[in-house]
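First comes the structure, then the notes that go with it.
Being a predicted model, the structure only gives us computed values, none of them experimental.
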Amino acid sequence: MEPTKVQSEGGLNVTLTIRLLMHGKEVGSIIGKKGETVKKMREESGARINISEGNCPERIVTITGPTDAIFKAFAMIAYKFEEDIINSMSNSPATSKPPVTLRLVVPASQCGSLIGKGGSKIKEMRESTGSQVQVAGDMLPNSTERAVTISGAPEAIIQCVKQICVVMLEAYTIQGQYAIPHPDLTKLHQLAMQQTPFTPLGQTTPAFPAGLDASNQASTHELTIPNDLIGCIIGRQGTKINEIRQMSGAQIKIANAMEGSSERQITITGTPANISLAQYLINARFRDVAAMWNDPSSMTTS
């Protein structure tokens with residue numbers, strides 16, 4: 001999940017993997033005659049789309065790529081399913097068009113983040129996108145994952161997937177996707193994410209990350225970081241902090257160490273998109289360092 005580039009619209013663009021559970025008939029529709037449909041989807045979206053082998057009634061479709069490529073692939077799948085619904089209705093007496101339905105496979109550890117405290121996050125997603133979202137109560141057979149079902153018009157589904165991606169990005173950064181052996185590092189993750197960059201989610205026309213395009217006015221965000229971890233943010237001769245400044249477009253100031261204090265203040269100034277990306281990159285930096293601690297053989301001079 002390394003940051004790949006900054007999107008032209010100022011959003012965050014990182015590589016993600018999203019998986020879908022599909023019936024054989026749905027998979028056939030996505031593959032198309034001689035594999036033409038899936039080939040077109042791969043080429044036009046830029047995402048990697050892999051379909052699990054086997055004759056079992058349910059197959060896993062894995063979509064990997066930068067977030068914008070994932071959204072294009074999802075849009076193409078949603079519109080293809082809508083086309084199938086319209087075609088099936090021409091031979092049927094039904095007059096009301098059923099919604100498009102997609103089933104995502106999500107690690108159970110991330111489902112709590114999707115649901116939110118007292119169901120607040122999932123309610124917000126439903127209201128802001130107009131799609132129905134259901135998280136299965138039980139795990140899928142022989143796995144530690146749950147199905148998340150989204151149904152609605154293709155446009156609503158795409159907006160909902162964008163919001164789910166934001167939640168998953170946050171979960172990747174905070175949760176146990178990476179073993180964090182250092183107590184200060186765990187504390188740091190919590191501190192860094194206390195005011196998550198994605199809080200405006202659903203309060204504006206959903207975009208990715210939602211709400212970031214709502215305002216380009218400069219604002220300021222502060223982080224408090226333990227002294228013994230500040231070095232891994234600054235890097236040798238300031239290389240890492242300069243890299244984060246360049247990639248995010250934000251101004252980042254690190255306060256001098258205060259006598260008797262074990263912490264340092266970092267002030268990030270810029271548009272909400274700049275601040276969001278800077279925070280993401282700072283978290284990614286801690287994650288990389290945590291990975292080095294776990295695997296000393298991967299240590300490089302940084």
Side-chain angles (χ1 to χ4, degrees), residues 1-3 11-21 62-64 66-67 70-71 74 102-140 143-152 156-180 185-204 206-212 221 223 272-273 275-284 286-287 290:
M1 265 211 16
E2 290 308 306
L12 174 60
N13 197 7
V14 294
T15 300
L16 260 182
T17 296
I18 304 282
R19 284 165 304 153
L20 291 164
L21 197 57
T62 306
I63 305 171
T64 303
T67 46
I70 284 181
F71 302 151
F74 262 94
L102 295 180
R103 287 179 300 159
L104 274 62
V105 179
V106 176
S109 62
Q110 293 180 6
C111 287
S113 307
L114 280 180
I115 295 165
K117 199 170 184 179
S120 58
K121 177 64 75 178
I122 202 164
K123 181 170 179 273
E124 189 183 284
M125 280 188 197
R126 289 174 185 142
E127 288 173 358
S128 65
T129 66
S131 56
Q132 278 302 311
V133 193
Q134 299 290 339
V135 177
D138 297 323
M139 291 194 207
L140 292 162
S143 87
T144 57
E145 293 166 310
R146 295 193 202 178
V148 175
T149 306
I150 312 170
S151 52
I157 285 177
I158 297 156
Q159 294 301 347
C160 194
V161 167
K162 288 183 179 187
Q163 297 202 13
I164 287 171
C165 284
V166 171
V167 174
M168 288 177 83
L169 281 172
E170 291 175 343
Y172 273 128
T173 317
I174 311 166
Q175 290 181 357
Q177 296 288 332
Y178 304 93
I180 301 170
L185 206 62
T186 312
K187 178 183 166 204
L188 185 58
H189 271 263
Q190 289 161 355
L191 285 166
M193 297 309 287
Q194 260 169 8
Q195 185 182 330
T196 157
F198 304 123
T199 40
L201 199 58
Q203 292 171 8
T204 61
F208 183 76
L212 290 187
H221 182 75
L223 299 178
I275 291 172
S276 169
L277 186 50
Q279 281 186 280
Y280 176 80
L281 294 170
I282 287 169
N283 277 305
F286 291 125
R287 190 196 72 212

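- The heavy-atom pair separating Ala156 from Gly130 by the smallest distance is CB-C, 4.2 Å.
- Summarising the geometry of Cys160 relative to Val133, their closest heavy-atom pair is SG-CG2, 3.4 Å, with the distance given to 0.1 Å.
- Taking both residues in full, the closest heavy atoms of Val135 and Cys111 are given as CG1-SG, 3.9 Å, listed atom of the first, atom of the second, then distance.
- Although no hydrogens or angles enter the test, the distance criterion places a donor-acceptor pair under 3.5 Å between the side chain of Arg146 and the main chain of Ala136.
- For the side chain to side chain contact (heavy atoms under 4.5 Å, CB included) with Ile63, the qualifying choice from Leu20, Thr17, Val161 is Leu20, the only one to do so.
- In plain terms, the two heavy atoms of Lys121 and Ser113 that are nearest each other are CG-O, 3.6 Å.
- Taking NZ from Lys123 and CD1 from Ile115, the interatomic distance works out to 15.0 Å, rounded to the nearest 0.5 Å.
- Taking CZ of Phe74 as the start and CD1 of Ile164 as the end, the distance is 8.0 Å to the nearest 0.5 Å.
- In this structure, OG1 on Thr64 lies 6.5 Å from CD1 on Ile70, to the nearest 0.5 angstrom.
- In this structure, the salt bridge (charged side-chain N to carboxylate O under 4.0 Å, His left out) partners of Arg103, at least two apart in sequence or on a different chain, are Glu58.
- Atoms CD1 and CZ, from Ile18 and Phe71 in turn, are 8.0 Å apart once rounded to the nearest 0.5 Å.
- For Thr129 against Met125, the heavy-atom pair with the smallest separation is OG1-O, 2.7 Å.
- Ser120 contributes no side-chain N or O that, together with a main-chain N or O of Gly116, makes up a donor-acceptor pair within less than 3.5 Å.
- Residues Glu145 and Pro107 come closest through the heavy atom pair CG-CA, 3.7 Å.
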